[in-house]
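Reviewing the structure listed below.
We name chains A, B, ... by the order of the sequence lines, and we start the count at 1 in each one. Note that these values count all heavy atoms, side chains included, but never hydrogens, waters or copies made by symmetry.
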Amino acid sequence: MRLFGKEPVRMENSEIARVFFEIADLLELKGGDLFRVRSYRNAGMVADGLPESLKTLYEDGGEDGLKGIPGIGESTRTKIIEMLETGGCAFHRELLTEMPSGMLEILKVSGVGPKKAALIHKELGVKTIDELEKAAAEGRIQELAGFGQVSEEKILRGIKDLKSRTQVFKLSFVTPFALSFVAWLKKVPGIIDIVPAGSYRRWKETVGDLDILTTCSDARAVMDHFVKHPEVREVVSMGETKSTVVLKAGLQVDIRVLEKKAFGAALQYFTGSKAHNVAIRDRAKRMGLKISEYGVFRENGQWVAGEKEEAVYAAVGLPWIPPELREMRGEIEAAEKGALPEPLKRSDIRGDLHVHTKESDGTYTLEQMAEAAMKLGYEYMAVTDHSKAVGIARGLDEARIMAQMQAVDEFNDKLRKQKKKFTVLKSTEVDIRADGTLDHPESVLRKLDLVVASVHSGFSMSMDEMTKRVVKAIRTGLINIIGHPTGRLIGEREPYLIDLAKVMAEAKKYNTALELNSYPDRLDLNDSHCMLAKEKGVLVAISTDSHSIHHLANIEYGIHTARRGWLEKKDVLNTRPLVELMKILKKK
DNA sequence: GCCGTTTTCGGCCCGACTGTTTTCAGTCG
Ligand SMILES: Nc1nc2c(ncn2[C@H]2C[C@H](O)[C@@H](COP(=O)(O)OP(=O)(O)OP(=O)(O)O)O2)c(=O)[nH]1
Ligand SMILES: [Mg+2]
Ligand SMILES: [Mg+2]
Ligand SMILES: [Zn+2]
């Protein structure tokens, strides 16, 4: 808890969201109205997914600035303002006096929901997960009404899982498992479709589990084979159409098996998001239809659609919505108006503007990186080795970068002689020092085709200081792209504190783009930052920050993240052909 | 608590699997 003061307390959207999620859980534990619980949960999700900072909206527009956000009504808006002004929420604190915070942890145990948790708390006085473990180990759980030996064992397993298991996984961690399961399931005779769905298909940067949709008329055969995958540690449940396993790596995998005729409806269902599904189903209902994973049906039960996903959307009067957009961030309204963004394609990307070579901390030469970029069909690639301040990466000093520029010129000459339509851009990833100055002299930076500038150290500054640091760098007028603008490493390092809205406002003035770093551990900017960039009219450069020829393919993660951020071809700097790109880079 | 080409009140997505249930509640997707 922070103290009251003149200065408004900075509570991030994610922190406000967390309070709403906890209120929802606490109300549910208390046995409160489930629709009210849903409203708080929904408000949390809305706050979390909002591109603009609630604090900024409130500062700029007062209470009115917070109006018109779907899912945020009178009550939650008042609580948001309270949190922005005081750093906390009285209602939340009050609920916590009635229900210990340890109960929130207990809800995370697989198989324990609000009803069971509340009963355990009431009957046994259990307040923490350790007390729950003790009670279960002592056999006190199975004595309770509605519990038995099996459920008690399940709780013990659930606690062990929870303590050992990662909560979310990076998308790139899950990819090999997805490929492995697809290959594994192909061996089932008669299996037709095998498609990873869920948050994986929506390209969320982190996913909670892997969801796989299959169609086959022999469901039993699919299930039997599924649970025999060599990576399976535990079979959580196994039914006719749906099973769940946990892998040795801690990853949960859910599978659904349906008839081919339901493939489209099932894919729509299993892709989610949950909130998107609920909204689509609600819409169908209001149109006198019913949507489930089995299809679209009239009230009399007559089948309307289901074989194709597109037909499911068509049945409710909508065009097909790309999975990356199915997050309840306005996609249904946009679809209705025919205003969905045109999905960014791999072929829209003309080149990579952040690539390292052996000169700094890359593992391949300039020539090798260029060769690999050409193979991807690119027109250009910027060599962006580090500057001297990044010592561990053997950053280049003035003499070395001058030499590199010459090497690039010579290489480009060679390419031209070979009639290759490819250009290497002389560039750098210059360090933005703690004081906001750049780690190469202006004379050097002016000789380059393109300047990427990023923060590599001195992360622990106040938001104000960090914002000023980056803004000062932008104001040199020498920077074309701000690299990995928040510095986060998913699951390892929090983003440094920075006011991106302010940075973007300045970037717009100085014709500076912000990078979407496609390295799957970074994805920085993230999806909602992209939405903000688009809103502010700032171009995004989708780059890979490749340190090896193999990293260039990471562009795929960047493209899909950009799609999640509603970006189109025109919003992305490196969709421009070389000539156009050069014009933009010069406009300073 | 939120929201409105049926509504400012009265709805709020729909279905699978499990365990302990004697007919279904709880949890999860
Ligand atoms: N209609 C409906 N569909 C749901 C519900 N819960 C989940 N689904 C669908 C949509 C989800 O994307 C899909 C897979 O469920 P998951 O729990 O794995 O969620 P998802 O993959 O979206 O996110 P995750 O990263 O796994 O947490 O199942 C629900 O309550 N209603
Ligand atoms: Mg999932
Ligand atoms: Mg799942
Ligand atoms: Zn880099």
Side-chain angles (χ1 to χ4, degrees), chain A residues 20 23-24 27-29 31-46 67-80 91 106-120 141-155 157-158 197-200 207-213 219 223 235-246 252-258 262 265-297 312 316-317 328 336:
Chain A
F20 284 142
I23 288 175
L27 281 175
E28 204 172 13
L29 281 165
D33 174 31
L34 292 179
F35 294 111
R36 196 171 162 227
V37 168
R38 175 195 286 187
S39 289
Y40 278 109
R41 213 157 266 152
N42 191 238
M45 282 173 36
V46 169
K67 284 191 180 147
I69 306 172
I72 306 290
E74 182 67 35
S75 170
T76 47
R77 182 165 50 245
T78 308
K79 289 183 178 67
I80 289 170
F91 182 53
I106 287 178
L107 285 179
K108 291 186 192 150
V109 178
S110 159
V112 180
K115 293 289 194 304
K116 286 184 178 178
L119 188 82
I120 290 166
I141 299 290
Q142 54 173 300
E143 308 291 314
L144 265 39
F147 290 82
Q149 234 172 9
V150 179
S151 52
E152 188 175 74
E153 277 162 25
K154 205 178 153 201
I155 287 175
R157 268 209 315 278
S199 49
Y200 180 87
V207 302
D209 67 2
L210 175 61
D211 304 288
I212 301 173
L213 173 67
M223 294 308 184
V235 180
V236 178
S237 70
M238 193 174 164
E240 280 293 311
T241 81
K242 175 181 163 180
S243 299
T244 295
V245 297
V246 175
Q252 178 175 310
V253 185
D254 295 329
I255 192 171
R256 294 275 332 229
V257 189
L258 290 99
L267 185 59
Q268 197 285 324
Y269 151 73
F270 217 24
T271 298
S273 65
K274 174 182 168 177
H276 174 89
N277 287 357
V278 170
I280 292 289
R281 289 173 179 206
D282 178 62
R283 180 184 173 88
K285 195 170 180 156
R286 284 187 279 107
M287 295 170 72
L289 297 168
K290 185 186 73 168
I291 297 183
S292 74
E293 59 266 49
Y294 295 100
V296 184
F297 304 90
V312 174
V316 291
M328 275 313 272
E336 206 162 31

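In this structure, A:G317 and A:R283 approach most closely via the heavy-atom pair O-NH2, 4.0 Å. Across A:L213 and A:A266, no two heavy atoms sit closer than the pair CD1-CB, 3.7 Å. Minimum interatomic distance between A:A145 and A:L119 (heavy atoms only, all atoms of both residues): O-CD2, 3.6 Å.
At least one side-chain nitrogen or oxygen of A:S151 sits closer than 4.0 Å to the OP1 or OP2 atom of B:dT20. For A:Y294 and B:dA16, the shortest distance from a side-chain N or O to OP1 or OP2 is below 4.0 Å. Distances shorter than 4.0 Å separate some side-chain N or O of A:S75 from OP1 or OP2 on B:dG1.
Distance noted for atom P between B:dT20 and B:dC14: 30 Å (whole Å). B:dG15 and B:dC9 have their P atoms separated by 31 Å, with the value rounded to a whole Å. Across B:dG29 and B:dT23, the matching P atoms stand 28 Å from one another, rounded to whole Å. Spacing between B:dC13 and B:dT8 at atom C1', rounded to whole Å, works out to 24 Å. B:dG11 and B:dA16 have their P atoms separated by 26 Å, with the value rounded to a whole Å. Annotation: B:dT21 and B:dG26 have their C1' atoms spaced 12 Å apart (nearest Å).
Of the candidates B:dC3, B:dC2, B:dG29, the closest approach to any side-chain atom of A:P70 belongs to B:dC3.
Among the atoms of the strands shown, none is found under 4.0 Å from any heavy atom of A:G198. Residue A:T76 is classed as a sugar-phosphate contact, given heavy-atom separations below 4.0 Å to backbone atoms only.
Atom CD1 of A:I80 is separated from atom P of B:dG1 by 14 Å (rounded to the nearest Å).
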- Query: How would nucleotides 23-28 of chain B be written as a contact map, 5' to 3', with B for base contact, S for sugar-phosphate-only contact and - for no contact, using protein heavy atoms under 4.0 Å?
  - Reply: ---SSB
- Summarise how protein sits on nucleotides 6-14 of chain B as a single string, 5' to 3': B when a protein heavy atom is under 4.0 Å from the base, S for sugar-phosphate-only contact, - for no contact. ------BBB
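Using a 4.0 Å cut-off between charged side-chain N and carboxylate O, A:K242 and A:E293 make no salt bridge.
Within the shown strands, B:dC12 is the pairing partner of B:dG1 under the Watson-Crick or G-U definition, both distances less than 3.5 Å.
Stacking of A:K79 on the aromatic ring of A:F20 is not recorded, the 6.0 Å distance cut-off and the 45° axial limit not both being met.
Comparing A:G148 and A:T241 by the nucleotide of DNA chain B that holds the closest heavy atom to each, the one mapping nearer the 5' end is A:T241.
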